[in-house]
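Here is the structure we will look at.
In what follows, every heavy atom counts, from backbone to side chain, and hydrogens, waters and symmetry copies are set aside. None of the values given here were measured: they were computed from a predicted structure.
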Amino acid sequence: SDAMQSLGAQFMTSSDHETIGTFLLVLKRNFDRAASLAADAVRRPRFTEEDWERVKRLHLEDLKQQDDQPAAVASRVAVRSLFGDDHPYGWPTAGTAGAVQSFKLSDIRGKYEAIVRPEHATILLAGDLSPGEAKAALEPLLGDWTPGPRGPGTVTAEAPSLSPSEKLRVFVVHRPDAVQTVIRFLTPGPTYHVENRVAYQLLNTLLGGSFTSRLNMNLREEHGYTYGARSMFAMQPQVGFFVASSSVRADVTGESVKEFLYEFDRLRRGDVTAEEAVKARETLRADTIQSFAGLNGVLAEAQERLVAGMPFASLVNDMTAIQSVDTSELNALAAQAVELSRGVLILVGDAKIILDQIKGQVPEPVELDIHGNRVGS
């Protein structure tokens, strides 16, 4: 860290359900030295007991803080409720306190040796570097990186299918005296490889993907229940899901749920207008272009397509599709885009206030604790 800082560089690591990555940002004149440090960190991590105990302690503290964050609790409980304990997406990538405490440093070393390998790795660069300059800088650092013995860890090749459900399932996480309620809908959704992926993105843009979307204009602008309501189709190579959420005043929890259900029902009836379709196309196109304003956006777009097994040039097809999707196509898709009958609704707030307000609107709720376990079981 000190060495990177002396070069004016930023070096970070990240992970999600399907990838592990490192990120380096540095001025061109310091690229060679910073790249050498980054390559050394990736290829020869020390993994000392002292560092492990420190990182483990800090991570457990972070998990404890998340227990006090209603939005984090809602997200954690929602994925577990939808996907179940046997599905990789049923658990947060940050893990659980019990799992983290059980890990030994040997577990971390083994998993690292199994996953962080040259045959798994791709390097993406964006900046004032020609391909020749990049190769000249990286070849001495990584050219001799060859596959070594595999660690005991494994990489899951395929995610299991979701079990079908016949109706929306509702769960309440009780937070005594909470002045707000977190509302979070989660349903199965399309993966990244669906042919009409861009149409899904457009549909979400008008439903909850922009400030002027239906959900935000309804719950925030018209009713004043919240500071914002959003939705998205999270599309991964193997898994896809839809999420819509908001934090609302506790005293209007029932009314807010009612408006969410109203907007979902409107959409399913296919009432997208030509004007909304035009606005969605313009908004999505502008957002896509704006994402390329910085190098981070370029790399993020490239990484998304790399992980999905699609060439970077497929962006051209998407930009063309944005302009070609018409109103009738959006309305046809809208009829089945949000599968509430297979989804879950999570409400995190004061159960004494929530339960009376939602009675009769949704199926009988089940109370869960902050980790998604049934209360009393």
So, for E276 and D271, which heavy atoms are closest and what is the spacing to 0.1 Å? OE1-O, 3.9 Å
For the side chain of H17 and the backbone of W91, is there at least one donor-acceptor N/O pair under 3.5 Å apart? yes
Given V272 and R214, is the side chain to side chain contact (heavy atoms under 4.5 Å, CB included) satisfied, shown in steps? CA-CA 11 Å; V272 177; R214 290 181 174 187; 4.3 Å; yes
Could you tell me whether R43 and D144 make a salt bridge, using a distance below 4.0 angstrom between a side-chain N and a carboxylate O? yes
Just so I know, are the side chains of T283 and S213 near enough to count as touching, which here means a heavy-atom distance under 4.5 Å? no
Closest approach of G228 and N216, non-hydrogen atoms and distance? CA-OD1, 3.2 Å
Minimum heavy-atom distance between A34 and A9, given as atom pair plus value: CB-CB, 4.3 Å
Looking at A199 and E329, what are the two nearest heavy atoms and their distance? CB-OE2, 4.1 Å
Please lay out, stage by stage, how T212 and E221 fare under the test side chain to side chain contact (heavy atoms under 4.5 Å, CB included). CA-CA 9 Å; T212 59; E221 298 300 300; over 6 Å; no
Mind listing the closest non-hydrogen atom pair of T146 and P118 along with its distance? C-CG, 3.6 Å
In the structure I gave you, are the side-chain heavy atoms of D67 and R76 within less than 4.5 Å of one another anywhere? yes
Do the side chain of E367 and the main chain of V172 share a donor and acceptor less than 3.5 angstrom apart? no
Check: R305 side chain, M310 main-chain N or O, donor-acceptor pair, under 3.5 Å: no
Can you confirm whether more than 12 heavy atoms, excluding those of K104, are under 6.0 Å from its NZ atom? no
Is a donor on one side and an acceptor on the other found under 3.5 Å between the side chain of S324 and the backbone of A321? yes
Under a 3.5 Å distance rule, please check whether R169 uses its side chain to pair with a backbone N or O of P365 as donor and acceptor. no
Please determine, by modelled atom types, if T48 and D51 share a side-chain donor-acceptor pair under 3.5 angstrom. yes
With R57 as reference, evaluate H59, E53, E61 under the side chain to side chain contact (heavy atoms under 4.5 Å, CB included) test and give the passing residue. E61
Mind checking whether V298 and L306 sit in one hydrophobic cluster, side chains of I, L, V, M, F, W, Y counted as touching below 4.5 Å? no
State whether the side chain of R342 and the backbone N or O of K167 hold a donor-acceptor pair below 3.5 Å, judged by distance alone. no
Any luck finding a side-chain donor-acceptor pair between D16 and T19 under 3.5 Å? yes
Before you tell me yes or no, could you show the steps for E364 and K359 under salt bridge (Lys or Arg N to Asp or Glu O under 4.0 Å), namely the whole-Å CA-CA distance, both residues' side-chain angles and the distance that decides it to 0.1 Å? CA-CA 8 Å; E364 189 70 22; K359 187 176 295 184; over 6 Å; no
Atom CD of residue position E222 - does it have more than 12 heavy atoms of other residues, nucleotides or ligands inside 6.0 Å? yes
Are the side chain of D350 and the backbone of P176 linked by a donor-acceptor contact shorter than 3.5 Å? no
Y89 vs H87 aromatic rings, parallel, tilted or perpendicular, using cut-offs 30° and 60°? perpendicular
D85: partners by salt bridge (Lys or Arg N to Asp or Glu O under 4.0 Å), with sequence neighbours left out: R80
Below 4.0 angstrom, N of the basic side chain to O of the carboxylate: do E282 and K279 qualify? no
CG of N317 to CD1 of I322, rounded to nearest 0.5 Å, is 11.5 Å
For Q361, is there any backbone N or O sitting under 3.5 Å from a side-chain donor or acceptor partner on K258? no
Assess R197 against Y192: is NZ or CZ under 6.0 Å from the centre of the six-membered ring, and within 45 degrees of the ring's axis? yes
Considering residues, nucleotides and ligands other than Y227, do more than 12 of their heavy atoms fall under 6.0 Å from its OH? no
Is there a salt bridge (Lys or Arg N to Asp or Glu O under 4.0 Å) between R269 and D265 once you walk through the steps? CA-CA 6 Å; R269 292 200 303 267; D265 188 56; 2.5 Å; yes
Angle between ring planes, F242 versus F264, binned at 30° and 60°: parallel, tilted or perpendicular? perpendicular
Would you say L261 ends up clustered with I354 if hydrophobic residues are merged whenever their side chains have heavy atoms under 4.5 Å apart, either directly or through other cluster members? yes
Which distance, rounded to the nearest 0.5 Å, do you find between the CZ of R266 and the CG of N218? 8.0 Å
Using modelled atom types only, decide if a donor and an acceptor are shared between the side chain of T226 and the backbone of S247 within a distance under 3.5 Å. yes
Is it the case that the side chains of R230 and S245 hold a donor-acceptor pair, with the cut-off being a distance below 3.5 Å and no angle test? no
State which residue, out of V173, V182, I358, fulfils the side chain to side chain contact (heavy atoms under 4.5 Å, CB included) condition with L347. I358
Evaluate ring pair (Phe, Tyr, Trp, His ring centres under 6.0 Å) for F23 paired with F11, printing each intermediate quantity in order. CA-CA 6 Å; F23 174 78; F11 180 72; 9.1 Å; no
Under 6.0 Å from the CD atom of E195, do we count more than 12 heavy atoms belonging to anything else shown? no
What do you reckon, is CZ of R44 surrounded by more than 12 foreign heavy atoms closer than 6.0 Å? yes
Step-by-step side chain to side chain contact (heavy atoms under 4.5 Å, CB included) determination, I346 to F185: CA-CA 6 Å; I346 310 298; F185 287 87; over 6 Å; no
Are M12 and L37 joined in one hydrophobic group, where the rule is that I, L, V, M, F, W and Y side chains link up if heavy atoms are under 4.5 Å apart? no
Test side chain to side chain contact (heavy atoms under 4.5 Å, CB included) on L168 and V170 and set out the steps. CA-CA 6 Å; L168 177 71; V170 182; 4.3 Å; yes
Treating S6 as the side-chain partner and A3 as the backbone partner, does any N or O pair qualify as donor plus acceptor under 3.5 Å? yes
For D32, which residues count as a salt bridge (Lys or Arg N to Asp or Glu O under 4.0 Å) partner, sequence neighbours excluded? none
Heavy-atom closest pair (S102 atom, A99 atom, distance to 0.1 Å) is OG-O, 2.6 Å
Kindly compute the distance separating CG (L202) from CG (L207), expressed to the nearest 0.5 Å. 12.5 Å
K135 atom NZ, over 12 foreign heavy atoms within 6.0 Å: no
